[in-house]
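Everything below concerns the one structure shown next.
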Amino acid sequence: GLFAYEPREHDVVFGVRARVDRLDYGIVLRRFNPGTPVTGALSLDLSLGATASQLSGVLATGSGQIDVAFWPERLDWSVFDLWAVNLLRSLLPFFSASESFVNCVIGHFDLNHGQLRSRRLMIDTTATRVAGYANADFASERFELRFVPRHKVPRLFSFATPVEVRGTFDNYRFTLSPPDFLRTAWQWVTSLVAVPM
């Protein structure tokens, strides 16, 4: 990977280009927290350039692409203190039963002057595959997400309602739109006929 950081009189110039393929992030986390049971693999393809008033503002002004995929094996959510990870943790109960496991999470994003847009966003669990889209504004720290779950195997009386999330990085709300809820209710009622067929 390449990394550039140039502090100037009134701003900083920042650039990073990194490519990581299936890194065992459990090894890295155990360097900071030796007792953590977390294991899994992470792939990252990151290209980012920005000029900002300070280093903490590079995402609010930056442009580039972020492609990430991770395959958790043993996951301890308390190890991660990131708003995106906490959001993912809050979303999972909407998509799968408690006995379901996360197989992988994939996100491909474009960043254009602080505006993040997803090209591909997917969560795969043992029971459900969830497709989504995301928009975020790092300057205002506002975002919106929409996820549409699909069961891998037809199931009687199961809910697979699309979920929308909107708000700021610190304060967000989950919503179910009325048309999505009515469509899910119809699928729930008709599953008695559709699933056996």
Side-chain angles (χ1 to χ4, degrees), residues 1-5 14-50 55-60 62 64-111 116-136 138 141 143 145-153 160 163 165 167-172 174:
L2 301 171
F3 177 79
Y5 172 66
F14 176 85
V16 63
R17 178 73 181 101
R19 187 174 184 128
V20 176
D21 190 30
R22 295 196 65 102
L23 169 73
D24 182 350
Y25 58 81
I27 293 172
V28 176
L29 291 173
R30 279 188 287 282
R31 292 247 182 215
F32 302 101
N33 185 359
T36 185
V38 173
T39 59
L42 170 76
S43 288
L44 175 68
D45 189 358
L46 172 67
S47 177
L48 176 64
L55 188 58
S56 61
V58 296
L59 287 176
Q65 75 173 38
I66 304 166
D67 295 339
V68 63
F70 79 94
W71 299 266
E73 292 173 20
R74 271 180 287 168
L75 194 53
D76 178 3
W77 295 102
S78 64
V79 171
F80 304 98
D81 188 21
L82 299 168
W83 73 270
V85 175
N86 293 331
L87 174 62
L88 177 60
R89 178 184 184 185
S90 301
L91 277 169
L92 287 176
F94 286 98
F95 307 137
S96 59
S98 59
E99 69 273 5
S100 184
F101 298 100
V102 177
N103 295 325
C104 68
V105 177
I106 298 171
H108 296 176
F109 304 94
D110 289 323
L111 183 66
L116 185 77
R117 301 276 183 269
S118 63
R119 284 181 276 118
R120 181 178 185 207
L121 188 56
M122 197 243 332
I123 302 169
D124 185 78
T125 73
T126 51
T128 311
R129 181 163 291 129
V130 185
Y133 79 83
N135 297 322
F138 283 100
E141 296 190 346
F143 75 97
L145 302 171
R146 178 177 166 83
F147 286 100
V148 181
R150 296 276 183 255
H151 292 299
K152 292 182 177 179
V153 177
V163 176
V165 190
T168 65
F169 295 167
D170 297 323
N171 185 17
Y172 47 82
F174 297 90

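Throughout, numbering of the chain's residues begins at 1 and tracks the sequence.
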**Request:** For Asp24, check salt bridge (Lys or Arg N to Asp or Glu O under 4.0 Å) against everything at least two apart and list the hits.
**Result:** none
**Heavy-atom pair of closest approach, residues Ser43 and Trp71** = OG-CZ3, 3.5 Å
**Item:** Inter-residue atom distance Leu88.CG - Phe70.CZ, 0.5 Å rounding
**Value:** 5.5 Å
**Asked** For the atom pair CG (Asp45) and CD (Gln65), what is the distance rounded to the nearest 0.5 Å?
**Response** 5.5 Å
**Item:** Backbone N/O of Phe101 and side chain of Thr126: donor-acceptor pair under 3.5 Å
**Value:** yes
**Request:** Check for a donor-acceptor pair, side chain of Arg146 on one end and backbone N or O of Ala131 on the other, with a separation under 3.5 Å.
**Result:** no
**Fill in**
Distance col, row Leu111:CG vs Arg117:CZ, nearest 0.5 angstrom, shows 10.0 Å
**Message:** Can you tell me how far apart CG (Asp67) and CZ (Phe109) are? Round to the nearest 0.5 Å.
**Reply:** 9.0 Å
**Item:** Ring centroid separation Phe3 to Phe14 under 6.0 Å
**Value:** yes
**Request:** Could I get the full list of salt bridge (Lys or Arg N to Asp or Glu O under 4.0 Å) partners for Arg120, not counting sequence neighbours?
**Result:** none
**Message:** Could you check whether any side-chain heavy atom of Asn103 comes within less than 4.5 Å of a side-chain heavy atom of Arg129, counting everything from C-beta outward?
**Reply:** no
**Item:** Test log, rule side chain to side chain contact (heavy atoms under 4.5 Å, CB included), inputs Asp21 and Arg19
**Value:** CA-CA 7 Å; Asp21 190 30; Arg19 187 174 184 128; 5.9 Å; no
**Atom pair CG/OG of Leu2 and Ser47 - distance to nearest 0.5 Å** = 9.5 Å
**Residue list, salt bridge (Lys or Arg N to Asp or Glu O under 4.0 Å) with Arg22, at least two apart or on another chain** = none
